[in-house]
Amino acid sequence: MMTFHTLCDRAWSKFWEGSKNAPSQASILKRLRASFGGRKISTITTALVEDIASKWQREGSSAKTCNRHLSSLGKMLKWAERRGELERAPYIERFKEGIGRLRVVSGEEEAEVLRHLTIAGRPDFADIVACLVDTGMRRDELLSLLWEQIEDGWVLLEDTKNGRPRRIPLTQRASKILESYRDQEGGPFLAVAKSTFSDAWNKAKAAMGIEDKGFVPHSLRHTFASRLLERRADLFTVSRLLGHTSIKTTADVYGHLSPDRAEEAVALLEPGAPDSGH
């Protein structure tokens, strides 16, 4: 009978080795190995999984982190079931995740971040911040952007988090910034290390006197979405620009910011409205 360690080794080769999220999956598998040991996979029950997941929470892991671990565990056990290595995979219940407070960067905060990064001698980091605000791209997507992905005022992202390509129109500011780096080989920000950018961001944050843990580079993506919705962009378009697999994801996070267009919609039924037929 297969042991859990063997399942981890085979699942690593099958699903994650060489993938873009290999480092994070390696960390997850390391914890799963430590938690479940080398027991036979047939001894992994729903009760055991619940007990171990509860232990993770007591150790300080968030519901979101626990769910990522449980998702990987469930994937491996289901795979073992399909292969005939396990009679039936146990039911694994996920934790309920709260959306939490949405951290948005104000216009004043954005200006201050740009100023502090420029003063620190990193105008390129200030340009990265501006591009993130204006495109809603994830930091890794922007830093790995290649010149062939930028054309006629658009950015084409193919290797995305969810595997679905998306196109993003560039603002005049973002387009001008990217063009100013044309002398960089391969792409505008390929030479920038993520850790170096994060260090500079944290120094600017400290200089601004901000202690809010939610004030992170990813909050620039929230800012992009929030500003669009506050300026009456529709939820479906924002969802496409963010690259969400479902509009429900966008609605769950940003729905409260979506403009109420009930009156505008019903007004389309009035005589004299465009395409009303009257």
Side-chain angles (χ1 to χ4, degrees), residues 21 24 60-65 67-68 97-120 122-145 155 157 160-162 166 168-171 173-174 177-178 188-189 192-233 235 237-259:
N21 60 339
S24 61
S61 295
S62 67
K64 185 175 182 179
T65 296
N67 283 343
R68 283 201 297 267
E97 297 181 25
I99 295 176
R101 185 169 70 89
L102 191 67
R103 183 52 160 103
V104 173
V105 177
S106 69
E108 293 77 10
E109 288 174 334
E110 179 190 346
E112 277 296 287
V113 170
L114 298 179
R115 185 175 73 85
H116 280 288
L117 290 173
T118 302
I119 290 174
R122 296 310 306 247
D124 54 334
F125 287 179
D127 288 340
I128 289 172
V129 168
C131 285
L132 290 174
V133 169
D134 283 10
T135 64
M137 283 193 281
R138 297 177 177 86
R139 176 181 52 186
D140 290 355
E141 291 174 337
L142 179 60
L143 296 187
S144 61
L145 194 65
V155 165
L157 300 176
T160 63
K161 183 178 180 180
N162 58 35
R166 73 181 191 276
I168 304 171
L170 294 170
T171 62
R173 176 173 73 161
I177 288 173
L178 293 175
F189 302 117
V192 175
K194 182 170 65 175
S195 58
T196 307
F197 174 74
S198 295
D199 289 343
W201 171 277
N202 290 331
K203 289 178 180 177
K205 174 181 173 180
M208 294 167 63
I210 296 177
E211 298 180 356
D212 187 348
K213 292 183 179 180
F215 192 82
V216 295
H218 193 71
S219 60
L220 300 173
R221 180 169 159 86
H222 293 319
T223 302
F224 167 80
S226 298
R227 288 180 183 179
L228 286 178
L229 290 168
E230 288 169 354
R231 296 171 193 182
R232 303 190 69 74
L235 200 60
T237 299
V238 173
S239 182
R240 288 182 59 189
L241 290 170
L242 291 173
H244 288 164
T245 54
S246 168
I247 194 173
K248 181 180 184 301
T249 302
T250 318
D252 287 344
V253 180
Y254 304 104
H256 64 292
L257 298 173
S258 183

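When a residue number appears, it is its place in the shown sequence, counting from 1.
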Quiz item: Hey, is K248 close enough to D252 for a salt bridge, meaning N to O under 4.0 Å?
Solution: yes

Quiz item: At what distance, to the nearest 0.5 angstrom, does CD of E110 lie from CG of L114?
Solution: 5.5 Å

Practice problem: May I ask you to decide if F215's main-chain N or O and S219's side chain share a donor-acceptor pair within less than 3.5 Å? | Solution: no

Practice problem: Locate the shortest heavy-atom distance separating L235 from I247; write the atom from each residue and the value. | Solution: C-CD1, 4.2 Å

Quiz item: How many angstroms lie between CD in E109 and CD1 in I210, if you round to the nearest 0.5 Å?
Solution: 4.5 Å

Quiz item: Quick one: does L145's side chain get under 4.5 Å of L157's, heavy atoms only?
Solution: yes

Quiz item: Under the 3.5 angstrom rule, does the side chain of K205 hit a backbone N or O of D212 as a donor-acceptor pair?
Solution: yes

Quiz item: For F189 and D124, which heavy atoms make the closest approach, and how far apart are they?
Solution: CE2-O, 4.1 Å

Quiz item: With a 4.5 Å heavy-atom cut-off, do Y254 and L228 have their side chains touching?
Solution: no

Self-check item: Between CD1 on residue I177 and CG on residue D134, distance to nearest 0.5 Å
Solution: 7.0 Å

Practice problem: With the side chain counted from C-beta on, respond yes when F125 and V113 share a heavy-atom pair under 4.5 Å apart, and no when they do not. | Solution: no

Quiz item: Is any side-chain N of the basic residue among E230 and R227 closer than 4.0 Å to the acidic one's carboxylate O?
Solution: no

Exercise. Mind checking side chain to side chain donor-acceptor pair (under 3.5 Å) for T249 and listing every partner two or more places apart, or none if nothing turns up?
Key: none

Practice problem: Check for a donor-acceptor pair, side chain of R221 on one end and backbone N or O of G136 on the other, with a separation under 3.5 Å. | Solution: yes

Quiz prompt | Closest non-hydrogen atom pair between R103 and G214, with its separation | solution = CG-O, 3.2 Å

Self-check item: Heavy-atom side-chain contact between V155 and E141 under 4.5 Å
Solution: no

Quiz item: Going from CG on D127 to CZ on R122, what distance comes out if it is rounded to the nearest 0.5 angstrom?
Solution: 11.0 Å

Practice problem: Would you mind reporting whether L241 and P169 have side-chain heavy atoms less than 4.5 Å apart? | Solution: yes

Practice problem: To the nearest 0.5 angstrom, please state how far the CG atom of L142 sits from the CD1 atom of I168. | Solution: 9.5 Å

Quiz item: Tell me, do S24 and R68 make a side-chain contact under 4.5 Å, heavy atoms counted?
Solution: no

Practice problem: List the steps, then state whether side-chain contact (heavy atoms from CB on, under 4.5 Å) holds for L117 with V129. | Solution: CA-CA 9 Å; L117 290 173; V129 168; 3.7 Å; yes

Practice problem: Could you grab the distance from atom NZ of K194 to atom CG of D140, nearest 0.5 Å is fine? | Solution: 4.0 Å

Quiz item: Parallel under 30°, tilted from 30 to 60°, perpendicular over 60°: which one fits the rings of H222 and H218?
Solution: perpendicular

